[in-house]
Novice: 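Below are the structure tokens for one structure; questions will follow.
The basis for the numbers below is simple: all heavy atoms, side chains too, and nothing from hydrogens, waters or symmetry mates. For reference, positions follow the sequence shown, starting with 1.
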Amino acid sequence: MGRYYRLTKKISDEMAQEILRELQELENVKSVSFSEDLSLLKVETKNGLFPEVMNRAVNICRRIGGGCDLSFAGFAYAGA
């Protein structure tokens, strides 16, 4: 099961690609993707290690997204 996070600020396609690249390099990330309109980030972690991963994800999004923050938006169930 993954989790969805809402972005607090609009980001560009280039920013989204860089954010995904850095997040995919994190040790405990299983998968990560943006919604088509770049308003939601879907994150799946290995062994449910969300606190570790999301602490880093928030920092990455703020740095690359020019102050963009993340807020929890809901759970992503298998097939969703």
Side-chain angles (χ1 to χ4, degrees):
M1 174 175 50
R3 295 181 183 184
Y4 286 107
Y5 295 89
R6 185 167 312 284
L7 280 70
T8 60
K9 177 178 172 179
K10 181 79 173 149
I11 61 170
S12 69
D13 289 335
E14 294 79 19
M15 289 175 177
Q17 291 306 312
E18 183 62 19
I19 289 168
L20 289 177
R21 186 189 67 74
E22 288 198 26
L23 288 175
Q24 289 167 340
E25 291 177 357
L26 297 178
E27 181 179 349
N28 293 310
V29 170
K30 184 176 179 182
S31 71
V32 62
S33 62
F34 278 105
S35 61
E36 192 172 313
D37 65 358
L38 303 178
S39 67
L40 290 174
L41 177 67
K42 180 181 177 184
V43 178
E44 291 184 72
T45 64
K46 298 174 184 170
N47 301 317
L49 296 171
F50 282 97
E52 267 180 44
V53 169
M54 293 315 299
N55 185 43
R56 297 284 309 278
V58 166
N59 291 332
I60 290 168
C61 288
R62 283 182 184 159
R63 179 172 42 84
I64 296 171
C68 180
D69 271 323
L70 299 173
S71 62
F72 178 75
F75 293 101
Y77 298 98

Novice: If you round to the nearest 0.5 Å, how far is CD of Q17 from CD1 of I11?
Specialist: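 The CD atom of Q17 is 9.0 Å from CD1 of I11, to the nearest 0.5 Å.
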Novice: Measuring from atom CD1 of I19 to atom CD1 of I60, what distance do you get when rounded to the nearest 0.5 angstrom?
Specialist: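 These two atoms lie 8.5 Å from each other.
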Novice: Nearest 0.5 Å, please: how far is CZ in F34 from OG in S39?
Specialist: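 Here the rounded value is 10.0 Å.
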Novice: Does CZ in R6 sit with more than 12 non-hydrogen atoms of other residues, nucleotides or ligands closer than 6.0 Å?
Specialist: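 Not buried by this count: 12 neighbours or fewer within 6.0 Å.
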Novice: Taking atom CD of E36 as the centre, does the number of heavy atoms from other residues, nucleotides or ligands within less than 6.0 Å exceed 12?
Specialist: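 Incorrect, the count does not exceed 12.
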Novice: Would you say the side chain of V43 lies within less than 4.5 Å of the side chain of R3, judging by non-hydrogen atoms?
Specialist: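 A side-chain contact under 4.5 Å is absent here.
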Novice: Given L7, which partner from the list L40, D37, L41 fulfils the side-chain contact (heavy atoms from CB on, under 4.5 Å) test?
Specialist: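 Exactly one candidate clears the test, L41.
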Novice: Less than 4.5 Å apart, side chain to side chain, heavy atoms only: is that true for E44 and K42?
Specialist: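 With C-beta onward as the side chain, the pair touches.
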Novice: With a cut-off of 3.5 Å and sequence neighbours excluded, list every side-chain donor-acceptor pair involving residues 49-58.
Specialist:
residue : atom : partner : partner atom : Å
E52     : OE1  : N28     : ND2          : 2.8

Novice: Kindly indicate whether the side chain of R63, heavy atoms from C-beta on, has any atom under 4.5 Å from the side chain of E22.
Specialist: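 Result yes, sub-4.5 Å side-chain heavy-atom pair found.
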Novice: Compare every heavy atom of Y4 with every heavy atom of A76, then report the nearest pair and how far apart it is.
Specialist: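 A76 and Y4 have their closest heavy atoms at CB-CE1, 3.3 Å.
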Novice: Is a side-chain donor or acceptor of K9 paired with a backbone partner of G66 at a separation under 3.5 angstrom?
Specialist: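 Flag set: sc K9 to bb G66 pair under 3.5 Å.
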Novice: Would you call the rings of F75 and Y77 parallel, tilted or perpendicular, taking 30° and 60° as the class edges?
Specialist: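 Aromatic pair F75/Y77 classed tilted.
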Novice: Closer than 3.5 angstrom, by distance alone: can the side chain of K46 be matched with the main-chain N or O of E27 as a donor-acceptor pair?
Specialist: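 Yes; judged by distance alone, with no hydrogens or angles, the pair exists.
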Novice: If you take all heavy atoms of Q24 and V32, which pair is closest and at what distance?
Specialist: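 Heavy atoms of Q24 and V32 come nearest at CG-CG1, 3.5 Å.
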